[in-house]
Amino acid sequence: MNCDHWCNSGKLFLIILLGTLLGAPSLVSAQSSTIQDVEFVDSLTYRAWKIKNTEPDSARQLSHASIDLSEEIEYDRGRADALHILGLLEWTEGDMAQALTYYLDALQVRESINDSLGLGRSFNNIGNVYFQLEEFDTAQAYYQRGLVIRQQLGDVAGLIYSYSNLGDVALQKEELYTAESYYVRARQLAMQDSIFSALAHTSGRLANLELHRGQKTDAQIAWQQAVAYAERSDNRRFLATAIQEAVRMAMLNEQLEIDRHTAEVQRSLDLANEVGAVDLQAQAAVLLAQLSAAAGDVSKAYFYQTQYRQLTESHIQDQENKAVTAIRDQYAAERLSQDRLATERRTTAELSRKNTRLIIGLLGTVVFFLSVGILLYRRAYRQQTNLAKTLAQQNQELDARYGDLQEFAKIASHDLKEPVRNIGAFANLIERRYAVQLDDDGMDYLEYILKSARQMNNLLDDLLTFSNIPRYEQDALEPTAIHEIVGEVVADKKKEYGAFRFVGTALPMVQAYPELIRILLDQLIDNSLKFNTAELCHLEIGYSRVNNEHLFWLSDNGVGIAEPYLEQIFDIFRRLGQRDNEGTGMGLAICKRIIETHRGRIWVESEPGRGSRFFFTIPSHQDDDRSLTSVKRVEGNKTITTLAS
């Protein structure tokens with residue numbers, strides 16, 4: 001018994017074990033009857049078909065296992081069915097070249113065994129590939145061949161998709177009545193047998209037709225029907241698609257319900273994550289960005305737009321890599337196939353005749369794959385261009401909406417300040433004129449009004465600062481002397497808070513936005529002094545160069561922060577306990593936005609009663625002045641200058 005026999009037996013045992021764990025019929029040993037082997041292959045293939053939409057990776061493993069066992073027992077139909085499923089999986093992930101390879105292999109096997117039902121499926125799916133490549137005439141020819149076979153067999157489920165696909169071709173050719181005729185026939189068949197996945201599919205096609213006609217309301221109704229049908233099927237990818245399209249139609253028809261539609265799009269994102277559909281994840285992200293912008297949540301809109309860009313770039317790069325790899329692998333496989341064919345012909349034909357055919361075949365293969373390569377490259381380039389145009393358009397729309405929101409925040413804060421100033425002015429007037437007529441409670445009430453007016457004014461100032469920070473991204477970075485800004489801020493805080501001890505180290509010149517860096521340091525130092533109950537406040541600033549970043553930190557001997565709040569303190573309007581009642585709750589949120597605008601990071605390390613240390617980074621640039629500069633040290637009422645070495 002040689003090594004190959006043992007390897008094959010081991011492989012068969014692993015396949016049997018896999019099938020047993022998945023609920024497939026168990027086999028006693030590799031010596032089971034052919035009928036049992038065939039049934040086992042069919043059970044693996046059936047399982048792969050059932051989970052192809054929900055568990056694509058497991059379906060792919062089962063299909064490969066089915067192919068291995070089918071080849072071992074020479075079961076051609078099982079191999080063809082498994083190849084067909086692999087083609088569907090590649091199709092779902094957008095790898096058209098690899099999908100076409102699997103479909104053509106399955107077609108060749110089915111033609112050799114005269115599998116009529118399988119041939120109908122192969123013709124239809126090959127048509128799908130050519131449709132995606134925008135070769136509509138070729139796609140229509142394959143669809144028609146599949147339709148004829150399915151009509152002869154009475155294959156209702158197959159006829160639904162044949163009619164639907166022919167409708168898609170007619171729609172691309174602007175033959176709208178023909179397209180509607182095909183779609184209606186497909187829907188009628190789906191309704192007769194209550195095939196919910198097919199009903200969802202045809203409802204989506206009719207929605208596209210209505211939108212093509214300019215009937216936006218009818219298109220929205222059709223997509224809502226598609227969602228309802230998809231809920232009753234197991235196709236999570238199509239359900240995510242239908243939900244997104246229904247929300248887009250609501251936007252077009254100005255029927256947006258922000259809370260409900262946000263929840264629906266979030267659900268579509270969860271579904272897309274489950275099936276690993278990066279394209280649907282990207283579309284969900286841009287919809288969430290648009291909904292957040294409509295709700296006035298600029299921060300979320302920016303977050304989702306950034307996520308959309310990352311997903312789109314990742315998807316484009318993945319598609320390019322897959323296209324190049326598929327062309328290379330397909331070309332190599334066809335070359336190998338031609339070599340094998342040439343070897344067989346050498347045993348049955350004359351040498352000169354065989355060489356002629358081989359040369360012609362190789363030339364044809366080269367021309368074919370060059371054509372396919374050019375076609376796929378053109379398709380990938382067109383797809384990338386379209387995605388880039390869509391991204392640019394959506395970015396432009398978001399920028400416009402974001403600009404409107406910033407302008408709104410500016411106007412709102414300015415207009416709101418007027419009544420706040422009036423409240424403060426008249427409260428001061430009452431205090432001056434009628435103080436002697438007011439009792440202690442009245443004076444307390446008046447002081448509360450003045451305090452609230454001051455706090456409201458500070459809140460509006462911080463809100464305006466927070467909303468204006470992204471505007472700086474339109475400007476160029478400037479050489480910024482951190483030591484000078486630190487010295488100015490410390491001097492100001494000394495006047496405001498009185499004596500405190502400040503120790504500094506040598507600080508660099510960085511490329512930054514000076515106005516924002518001043519706001520950042522002002523907020524951080526003010527935060528350290530405000531939340532400090534020590535007899536003498538102690539602050540220390542430090543610096544180091546880490547890889548391609550400038551790392552700064554500011555430590556204090558204040559009250560400290562409990563671990564559960566270390567992340568929350570950077571959220572907008574977040575206050576921790578009674579000590580922060582006089583603040584606006586925006587100081588550290590402003591710091592975080594400033595650092596993010598510089599493409600840096602900010603975080604804090606702290607323990608209650610042991611002070612805090614805030615860290616922030618700023619990316620380094622070639623133009624940075626890397627020589628360290630002197631800083632000032634403030635201790636009590638004295639100012640001490642420390643020189644760098």
> Nearest heavy-atom pair of Pro608 and Ala562: which atoms, and what distance?
CG-CA, 3.8 Å
> Taking Ser606 for the side chain and Ile561 for the main chain, is one N or O donor matched with an acceptor at less than 3.5 Å?
yes
> Which atom pair, heavy atoms only, marks the closest approach of Leu566 to Ile569?
O-CG1, 3.6 Å
> Is it the case that atom CG in Asp441 sees more than 12 heavy atoms from other parts of the structure closer than 6.0 Å?
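Yes, the 6.0 Å shell around CG holds more than 12 heavy atoms from other groups.
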> Of all heavy-atom pairs between Ile602 and Lys592, which one has the smallest distance, and what is that distance?
CG2-CA, 3.9 Å
> In this structure, are over 12 heavy atoms from other groups packed under 6.0 Å from Tyr497 atom OH?
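Check passes, neighbour count above 12.
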> Can you tell me how far CD of Gln255 sits from CE of Met249, rounded to the nearest 0.5 angstrom?
11.5 Å
> Closest approach of Phe552 and Pro508, non-hydrogen atoms and distance?
CE2-CD, 3.7 Å
> Please say whether more than 12 non-hydrogen atoms of neighbouring residues, nucleotides or ligands are located less than 6.0 Å from CG in Asp440.
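Not buried by this count: 12 neighbours or fewer within 6.0 Å.
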> State, with a plain yes or no, whether a side-chain heavy atom of Val503 is found less than 4.5 Å away from one of Leu539.
no
> Any Lys/Arg nitrogen of Arg237 or Glu93 sitting under 4.0 Å from an Asp/Glu carboxylate oxygen of the other?
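The answer is no: the pair does not qualify as a salt bridge.
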> Give the ring-plane orientation class for Phe615 versus Trp603, where under 30° counts as parallel, over 60° as perpendicular and anything between as tilted.
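Rings of Phe615 and Trp603: parallel, as their planes differ by under 30°.
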> With side chain to side chain contact (heavy atoms under 4.5 Å, CB included) as the test, would you mind laying out the steps for Ser544 and Trp553 before giving the verdict?
CA-CA 9 Å; Ser544 68; Trp553 62 85; 3.8 Å; yes
> Ignoring hydrogens, what is the shortest heavy-atom contact between Thr480 and Pro514? Give both atom names and the distance.
OG1-CG, 3.5 Å
> When you compare the side chain of Arg60 with that of Glu90, does any pair of heavy atoms fall below 4.5 Å?
yes
> Do Phe500 and Val490 pass the side chain to side chain contact (heavy atoms under 4.5 Å, CB included) test, and can you show the C-alpha distance, the side-chain angles, and the key distance before you say yes or no?
CA-CA 10 Å; Phe500 62 88; Val490 169; 3.9 Å; yes
> Are the side chains of Ile243 and Leu271 in touch, meaning some heavy atoms are under 4.5 Å apart?
yes
> Hey, are the side chains of Phe616 and Leu521 touching, using non-hydrogen atoms and a 4.5 Å cut-off?
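Heavy-atom side-chain distance check passes, below 4.5 Å.
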> I need the Ile595 CD1 to Ile469 CD1 distance, nearest 0.5 Å.
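Result: 10.0 Å between the selected atoms.
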> Taking Asp526 for its side chain and Asp522 for its backbone only, find out whether a donor-acceptor pair lies under 3.5 Å.
no
> If you measure from CD on Gln290 to CG on Leu256, what distance do you get to the nearest 0.5 Å?
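With rounding to 0.5 Å, CD (Gln290) is 9.5 Å from CG (Leu256).
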> Can you confirm whether more than 12 heavy atoms, excluding those of Asp439, are under 6.0 Å from its CG atom?
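Yes, the 6.0 Å shell around CG holds more than 12 heavy atoms from other groups.
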> Could you tell me whether the side chain of Leu554 reaches within less than 4.5 Å of the side chain of Ser528, counting heavy atoms only?
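Yes, side chains in contact.
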> For Glu567, does the CD atom have more than 12 heavy-atom neighbours from other residues, nucleotides or ligands under 6.0 Å away?
no
> Once you round to the nearest 0.5 Å, how far does NE2 of His483 lie from CG of Leu507?
8.0 Å
> Measuring from Leu588:CG to Asn527:CG, what's the distance to the nearest 0.5 Å?
4.5 Å
> Strictly distance-based, threshold 3.5 Å: is any side-chain N or O of Ser233 a donor or acceptor partner for the main-chain N or O of Phe196?
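It does not hold such a pair.
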> Salt-bridge test for Arg518 and Glu515: reply yes if a basic N is under 4.0 Å from a carboxylate O, no otherwise.
no
> Does the pair Lys52 and Leu89 meet the rule for a side chain to side chain contact (heavy atoms under 4.5 Å, CB included), with working shown?
CA-CA 7 Å; Lys52 67 182 186 303; Leu89 291 169; 4.1 Å; yes
> Once you round to the nearest 0.5 Å, how far does CD of Gln244 lie from NE2 of His261?
13.0 Å
> Phe570 vs Val604, test: side chain to side chain contact (heavy atoms under 4.5 Å, CB included). Steps then yes/no.
CA-CA 10 Å; Phe570 294 104; Val604 62; 4.2 Å; yes
> Would you check if there is a donor-acceptor pair between the side chains of His598 and Tyr513 at a distance under 3.5 Å?
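Checked: Tyr513/His598 side chains show no N/O donor-acceptor pair below 3.5 Å.
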> Just to verify, what does Glu596 make a side-chain hydrogen bond (donor to acceptor under 3.5 Å, both in side chains) with, not counting sequence neighbours?
none
> Within the 4.5 Å heavy-atom criterion, are Ile51 and Leu62 side-chain neighbours or not?
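Side-chain contact under 4.5 Å: yes.
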> For Pro470, does its backbone N or O pair with a side-chain atom of Thr597 as donor and acceptor, under 3.5 Å?
no
> Suppose we screen for side-chain hydrogen bond (donor to acceptor under 3.5 Å, both in side chains). Which residues come up paired with Glu473, at least two apart in sequence or across chains?
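Expected list: Arg599.
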> Is the backbone of Phe466 close enough, under 3.5 Å, to the side chain of Arg593 for a donor and an acceptor to pair up by distance?
yes
> Donor-acceptor check, side chain of Asp556 to backbone of Ser612, threshold 3.5 angstrom: yes or no?
yes
> Quick one: does Ile482's side chain get under 4.5 Å of Tyr543's, heavy atoms only?
no
> Could Arg267 and Glu231 be called an ion pair, given the rule that one side-chain N must be under 4.0 Å from one carboxylate O?
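Between Glu231 and Arg267 there is a salt bridge, with a charged N closer than 4.0 Å to a carboxylate O.
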> Might you point out which heavy atoms bring Ala499 and Leu536 nearest each other, and give the distance in Å?
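Shortest heavy-atom separation between Ala499 and Leu536 comes out as O-CD1, 4.1 Å.
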> Does atom CD (Glu496) have a neighbourhood of more than 12 heavy atoms from anything else shown, all under 6.0 Å?
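Enclosed.
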> Ignoring hydrogens and angles, tell me if any N or O in the side chain of Ser299 forms a donor-acceptor pair with the backbone of Asp297 under 3.5 Å.
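Flag not set: sc Ser299 to bb Asp297 has no pair under 3.5 Å.
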> Can a donor-acceptor pair be found, under 3.5 Å and without considering hydrogens, that links the side chain of Asn273 to the backbone of Leu269?
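Checked: pair present.
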> Find out whether Glu478 and Gln511 are in side-chain contact, i.e. whether some heavy atom of one side chain is under 4.5 Å from a heavy atom of the other.
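No, their side chains stay 4.5 Å or more apart.
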> State whether the number of non-hydrogen atoms from other residues, nucleotides or ligands found under 6.0 Å of Arg260 atom CZ is greater than 12.
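Result for CZ/Arg260: enclosed.
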